There are 2 protein chains.
Amino acid sequence: MARRSAEKLKIVPQPEPALPRDIDFGWLGGTVGLHLRLAQEVAFQAFARRADGADASPWRFAVLFLIDANPGLTQGDLAAAIRRNTSSLTPVLDDLCRSGYVVRERLESDRRAYTLTLTPAGQAAMAELMASAVAHEREIDRLVGRANRAEFMQILKRIIGGLGKDDHR
Amino acid sequence: MARRSAEKLKIVPQPEPALPRDIDFGWLGGTVGLHLRLAQEVAFQAFARRADGADASPWRFAVLFLIDANPGLTQGDLAAAIRRNTSSLTPVLDDLCRSGYVVRERLESDRRAYTLTLTPAGQAAMAELMASAVAHEREIDRLVGRANRAEFMQILKRIIGGLGKDDHR
DNA sequence: TATTGTTATACTCTATAACTATA
DNA sequence: TATAGTTATAGAGTATAACAATA
């Protein structure tokens, strides 16, 4: 039925021209699934906006963070931690190595594996991103509400544990 | 430092060979952002697994659902509802039309726009997917917990409203 | 001129399979 | 034979820009 009529007196160019018309979301509008998706999406975009100066997505930050927190971990361990296939990680690490942020070194005890460590430049980049990440997380926390945070996190963890089939590999 | 030693007595082929080693997630492990992402991801995959027989992703279901609930809505309205660019919707609708699930018709009052409606076959497909979607949502609800559901949804909505910049368009 | 939707195109993210080198 | 990581490749999903038809 797509209302489309009384839109004459637009004086201002209207920054949001395409606000959703009065769509009936019905059952879908009450689902956790849809809202989980939308919330994740806006959070992802908000992070990217905030960390725009540095060249970063949430995953790129996570990779730097995890290498920093676990120097010498292998690519396989890192891939498992962020639940991605190692082949998805290769180009990311290539890029980080090219940028001089990460070094790959063969693991002594298993020369098939690489260990990962941050260079000083990588640590500096991490520190800068960390500031963005903390601010981002603080903004989310404000929306979640201090009193609800712990329970909210627990619920998310239950979903991750309960639905996760450890696919991807 | 990537533990890698006592793995000798593997008798069983070990279905999950690459369980994350004891990685230190530190600050990251306590963030809402990471868990929101992971929860959304497993939920998305769980839906896809469940609706595998029918050919469906959550978005494909949402499109059918919203056309069903709002017969005659335009592509622009639908795109706004799911927060996607109309050009992203075109191939999806092409596909649904080819499958005989959706019909596009020119809107009388504005012949640039298409209105969308489900065919009987489309309604049948929707009904089948609906069963999967309801089961999926029920499983999520079980994990969320009945007592927490309303508040959990409200928090997600606050995040969506608070961080969403209505980008995408 | 502005808007609806399509097309061409490009970019990101992801995985699978085949491969190399180790084990 | 099995594993760690790379490469080649493919697919999904998304957006931007130029365009045609219409307003």
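Proteins come first, then strands; the chains are lettered A, B, ... in the order of their sequence lines, and each starts at number 1. Atoms considered below: every heavy atom in the structure, side chains included; atoms not considered: hydrogens, waters and symmetry mates. Note that the structure is a prediction, hence the values are computed from the model and not measured.
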Report task. Quick one: list whatever passes salt bridge (charged side-chain N to carboxylate O under 4.0 Å, His left out) with B:Arg138, sequence neighbours left out. Result ->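 B:Arg138 satisfies salt bridge (charged side-chain N to carboxylate O under 4.0 Å, His left out) with no other residue.
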For [X] and [N], what is the distance between atoms [atom1] and [atom2] respectively, to the nearest whole Å?
| X | N | atom1 | atom2 | result |
| --- | --- | --- | --- | --- |
| A:Trp59 | C:dC13 | CH2 | C1' | 12 Å |
| B:Asp94 | D:dA12 | CG | P | 14 Å |
| A:Leu78 | D:dA4 | CG | C1' | 13 Å |
| B:Gln40 | C:dT14 | CD | C1' | 14 Å |
| B:Arg37 | C:dT14 | CZ | C1' | 10 Å |
| B:Leu89 | D:dA12 | CG | P | 16 Å |
| B:Phe47 | D:dA12 | CZ | P | 17 Å |
| A:Leu116 | D:dG5 | CG | C1' | 11 Å |

For nucleotides 21-23 of chain C, which of its nitrogen or oxygen atoms have a protein nitrogen or oxygen under 3.5 Å away, and what is each distance?
| unit_1 | atom_1 | unit_2 | atom_2 | d |
| --- | --- | --- | --- | --- |
| C:dA23 | OP1 | A:Arg111 | N | 2.6 |

Report task. Anything under 30° is parallel, anything over 60° is perpendicular, the rest tilted; go ahead and classify B:His136 against B:Phe47. Result -> perpendicular
Report task. For B:Ser88 and for A:Arg104, find the nucleotide of DNA chain D with the closest heavy atom, then tell me which residue's nucleotide is more 5'. Result -> A:Arg104
Query - Test side-chain hydrogen bond (donor to acceptor under 3.5 Å, both in side chains) applied to B:Thr74 and B:Asp77, step by step - result: CA-CA 5 Å; B:Thr74 66; B:Asp77 291 345; 3.3 Å; yes
Query raised in the report: So what does A:Arg60 hit on the nucleic acid, given a heavy-atom distance under 4.0 Å: a base, only sugar-phosphate, or nothing?
Result: nothing
Requested in this report: With the side chain of B:Arg84 defined as its heavy atoms from C-beta on, choose the nearest nucleotide among D:dG5, D:dG13, D:dT14.
Outcome: D:dT14
Query - Side chain of B:Ala113 (C-beta onward), nearest among C:dT4, C:dT16, C:dC13 - result: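 The nucleotide sitting nearest to the side chain is C:dT4.
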Query raised in the report: Testing B:Arg50, B:Arg149, B:Arg142 for salt bridge (Lys or Arg N to Asp or Glu O under 4.0 Å) with B:Glu137, which one passes?
Result: B:Arg149
Query raised in the report: Has A:Arg111 got more than 12 heavy atoms of other residues, nucleotides or ligands less than 6.0 Å from its CZ?
Result: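 Incorrect, the count does not exceed 12.
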Query - base_contact_polar (D:dT16 base, B:Ser87 side chain, donor-acceptor, <3.5 Å) - result: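 Yes, a donor-acceptor pair under 3.5 Å.
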Report task. Check for a donor-acceptor pair, side chain of A:Asn148 on one end and backbone N or O of A:Val144 on the other, with a separation under 3.5 Å. Result ->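 Yes, A:Asn148 side chain to A:Val144 backbone: donor-acceptor pair under 3.5 Å.
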Report task. Report yes if a side-chain nitrogen or oxygen of B:Thr86 is closer than 4.0 Å to either non-bridging phosphate oxygen (OP1 or OP2) of C:dG5; otherwise report no. Result ->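 Indeed not, no polar side-chain atom of B:Thr86 lies that close.
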Let me check something: any side-chain donor-acceptor pairs from residues 94-101 of chain B under 3.5 Å, sequence neighbours excluded? List them with distances.
| unit_1 | atom_1 | unit_2 | atom_2 | d |
| --- | --- | --- | --- | --- |
| B:Asp94 | OD1 | B:Arg104 | NH2 | 2.3 |
| B:Asp95 | OD2 | B:Arg60 | NH1 | 2.7 |
| B:Ser99 | OG | B:Asp95 | O | 3.0 |

